[in-house]
2 protein chains.
Amino acid sequence: MFCYLSDDQLHEINDNRREVRYKAGETIFKTGGPLTHMICITSGMVKIYLEDENSEKRIILSILKPVDLVLGPGFLTDNSHHFTAVAMEETVACFIKVSRHEEFMKSNPEYSTAILRHVNSKVILQFQKMLSLTHKQTHGKMADCLLYLANSIYENDVFDTVLSRQDLADISAMTKETTIRILKEFSEEGIIICNNNHFEILDKEKLEKISISG
Amino acid sequence: MFCYLSDDQLHEINDNRREVRYKAGETIFKTGGPLTHMICITSGMVKIYLEDENSEKRIILSILKPVDLVLGPGFLTDNSHHFTAVAMEETVACFIKVSRHEEFMKSNPEYSTAILRHVNSKVILQFQKMLSLTHKQTHGKMADCLLYLANSIYENDVFDTVLSRQDLADISAMTKETTIRILKEFSEEGIIICNNNHFEILDKEKLEKISISG
DNA sequence: TAAAAATATTGATCTATATCAATTAATTAT
DNA sequence: ATAATTAATTGATATAGATCAATATTTTTA
């Protein structure tokens, strides 16, 4: 994204950026709050979730890691956050004023294009998630969750995660009890190994089949 | 959106645009097809839906009417359509090449900003829909569906629609049988009147309460 | 290290909603 | 107008997954 900026603009960002360090569990920003800065994850991991104002339920939309950037849909619209960002572990985030972005978009068309490309790629993922969460049953949704973690987040079929069972449930839009039962089933069928926060995907093909059959 | 273009650019659009007339039920473009043009709905109504490649199920994301424009998330990413657009009634759509858009974005920063604003406002609506479809039960989802049609589409608490019961089900991510049963319940409780495709919302407050309580 | 708190697990039960099947009503075609 | 399709409705049934409750484990705090 930033590669489209001029040297001057990069300098300006560097001089004005504000780096913040978060501990695990700390909130970076919350739904409803003012969207004043774009955020770039420099190190650590962040979970992004939608909060339902009328219930305690939430959906974990995605997990971000370096060097992901966060510029929510409030940008250029209502200037408020539409999702909540929480550090999953020790995390460093770099804040850049949105006003600066608007300037960059005006002075640098390549940058505008890059931002829109970024937003559109996120929308494609949201569409997939929407179909998964509304049409698949719990086994299919949990398969999607495990494949997401292995393929997109940890980039390894063996991984340890700080995500709780409730978090996995929130990724998959189901209850933690159901999550636990399905993880147990998958373990018993030899599809995965799952001990506390240690996961191993043994039979990815089968997981993909379960994902497709729903 | 187009108000940000120069006279020359508007002329260029006007000289190069291609107007197509569709009958009810005709497909304008389909998921997976190449995204070559942006589309502007000049007259009529269009339903936009996500298709699941692994099942026959679909989600109607939104309904478009004049002068909505359609520029899906394939723009600047994979150049393919991620949703399907079908004319609900006699509809005229105006096609504008995406290559032209990229040029406009380069030469006209205001235009880029307007496009991103448009996309972001759609994303906000998607977030709400995602929460509604995954966390609410059928009554809440059907209340949301009726409120959407009355408030955003027909802009009247009394409306006739060409949408079938299956379409209403696809808006709400449920079966047509459940849709029918809930519409009947709402009618019996005096919340709505519903005869074939004629709808009247009698007690909007109650509908809003049902929407909130889920 | 012990106590307290939080998280995970298991089992039993309940219910919302899908599914299936049959009937009726409304369109469309002949 | 009548037949043939297609869509809507109703009823009966099945079941996936939520909910509730109790216990066990892990983590945190004192």
Review point. Of the non-hydrogen atoms in I182(A) and H139(A), which two are nearest, and what is the gap between them?
Key: CD1-N, 3.9 Å
Exercise for review: For the pair S152(B) (side chain) and L149(B) (backbone), establish whether a donor and an acceptor sit closer than 3.5 Å, ignoring hydrogens and angles.
Suggested key: no
Review point. Does a donor on one side chain and an acceptor on the other come within less than 3.5 Å for N54(B) and K136(A)?
Key: no
Practice item. Classify the side-chain pair D144(B)/S132(B) by whether it contains a donor and acceptor separated by less than 3.5 Å. Key: yes
With respect to the side chain of [X], which nucleotide from [options] is positioned closest?
| X | options | answer |
| --- | --- | --- |
| S164(A) | dA18(D), dA8(C), dC20(D) | dA8(C) |
| R165(A) | dA8(C), dT19(C), dA16(C) | dA8(C) |
| N197(B) | dT27(C), dT10(C), dT17(C) | dT27(C) |
| N196(A) | dA7(D), dC20(D), dT26(D) | dT26(D) |
| I180(A) | dT19(C), dT10(C), dA8(D) | dT10(C) |

For [N], take OP1 and OP2 only and decide whether either is under 4.0 Å from a side-chain N or O of [X].
| X | N | answer |
| --- | --- | --- |
| K184(B) | dT10(D) | yes |
| T178(A) | dG17(D) | no |
| K176(B) | dA7(D) | no |
| T175(A) | dG17(D) | no |

Output the rounded distance in Å from [atom1] ([X]) to [atom2] ([N]).
| X | N | atom1 | atom2 | result |
| --- | --- | --- | --- | --- |
| I182(B) | dT17(C) | CD1 | P | 7 Å |
| Q166(A) | dA18(D) | CD | P | 11 Å |
| E185(A) | dT10(C) | CD | P | 12 Å |
| K136(B) | dA18(D) | NZ | P | 18 Å |
| M174(A) | dA16(D) | CE | C1' | 12 Å |

Exercise for review: Please name all residues satisfying side chain to side chain contact (heavy atoms under 4.5 Å, CB included) with K184(B), sequence neighbours left out, ordered by chain then number.
Suggested key: E188(B)
Revision key, fill the gap. By nearest-nucleotide position on DNA chain D, the 5'-leaning member of C194(B) and R181(A) is C194(B)
